[in-house]
Visitor: 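Attaching a single structure in structure tokens format; questions to follow.
Naming: A, B, ... by sequence-line order, numbering from 1 per chain.
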Amino acid sequence: MDDPDFFNHIYEVTRQIPAGRVTSYGAIAKFLGSPNYSRMVGRAMGECGKAKPPVPYYRVVNSTGHLTGDPSGAHRRRELLEGEGVDVKDDKVQNFKKVFWDPSKEINYE
DNA sequence: ACGATGACTCTTC
DNA sequence: GGAAGAGCCATCG
């Protein structure tokens, strides 16, 4: 990949997601300046497993609030989100608007 | 180089 | 809110 910087940005933003909150691929991509890179964000999530420290990719869902990816993986993310206070039903985030975290509006650098 | 694919999003029905 | 079609860009055979 010739865009490690882009991947790094994705990981950074994803780590900024507070517990009990979720965000969408498009929101991250848009925050990075490329709204159409939503798919690349998703790809980055697949690669985040090798990232150190690992990123809370389970806090990232699609625009509908549905846990994307493999059903088995979604099942694990569902429990993690519920453990943080996020209401999840059938691999789908409830109260999506409430738990939605917008990086472009709520992110802050220490 | 080309066509197919995908952890996406948008518009329209 | 769910389904279908189109647009999007990088990766793969």
Visitor: When rounded to the nearest 0.5 angstrom, what distance separates OH in A:Y58 from CD in A:E84?
Guide: 4.0 Å
Visitor: Measure the distance from NZ on A:K30 to C1' on C:dC8 and round it to the nearest whole Å.
Guide: 15 Å
Visitor: Sequence neighbours left out, what passes side chain to side chain donor-acceptor pair (under 3.5 Å) with A:Y37? Give chain and number order.
Guide: none
Visitor: Taking CE from A:M45 and C1' from C:dT11, how many angstroms apart are they, rounded to a whole number?
Guide: 17 Å
Visitor: Between C:dG2, B:dA7, B:dT9, spot the one nearest the side chain of A:K92, thanks.
Guide: C:dG2
Visitor: Heavy atoms under 4.0 Å, any strand shown: does A:S34 hit a base, just sugar-phosphate, or nothing?
Guide: nothing
Visitor: To the side chain of A:M40, which of B:dT9, B:dA7, B:dG6 is closest?
Guide: B:dG6
Visitor: How many Å lie between CZ on A:R43 and P on C:dA10, as a whole number?
Guide: 11 Å
Visitor: In a check of side-chain contact (heavy atoms from CB on, under 4.5 Å) between A:I17 and each of A:I107, A:V22, A:T23, A:V55, which one passes?
Guide: A:T23
Visitor: Counting side-chain heavy atoms from CB outward, which of B:dA7, C:dC9, B:dT9 is closest to A:N62?
Guide: B:dT9
Visitor: With respect to the phosphate group of B:dT9, does any side-chain polar atom (N or O) of A:S38 fall under 4.0 Å of OP1 or OP2?
Guide: no
Visitor: What's the shortest heavy-atom distance between A:S24 and A:V60, and which atoms?
Guide: C-CG1, 4.3 Å
Visitor: Any side-chain N or O of A:Y37 under 4.0 Å from OP1/OP2 of C:dA10?
Guide: yes
Visitor: Contact class for A:G26 (heavy atom, under 4.0 Å): base, sugar-phosphate, or nothing?
Guide: sugar-phosphate
Visitor: Please tell me whether A:Y25 and A:S63 have a donor and an acceptor in their side chains that are separated by less than 3.5 angstrom.
Guide: no
Visitor: How long is the line joining CD1 of A:I28 and P of B:dA7, in whole Å?
Guide: 16 Å
Visitor: In whole Å, I'd like the distance from the NZ atom of A:K97 to the C1' atom of C:dG1.
Guide: 13 Å
Visitor: Please determine, for the side chain of A:R39, which listed nucleotide (B:dT9, B:dG6, B:dA7) has the closest atom?
Guide: B:dG6
Visitor: Given atom CD of A:Q94 and atom P of C:dG1, what is their separation to the nearest angstrom?
Guide: 10 Å
Visitor: Measure OH/A:Y25 against C1'/C:dA10 and give the value in whole Å, please.
Guide: 16 Å
Visitor: In whole Å, I'd like the distance from the CG atom of A:L67 to the P atom of B:dC8.
Guide: 11 Å
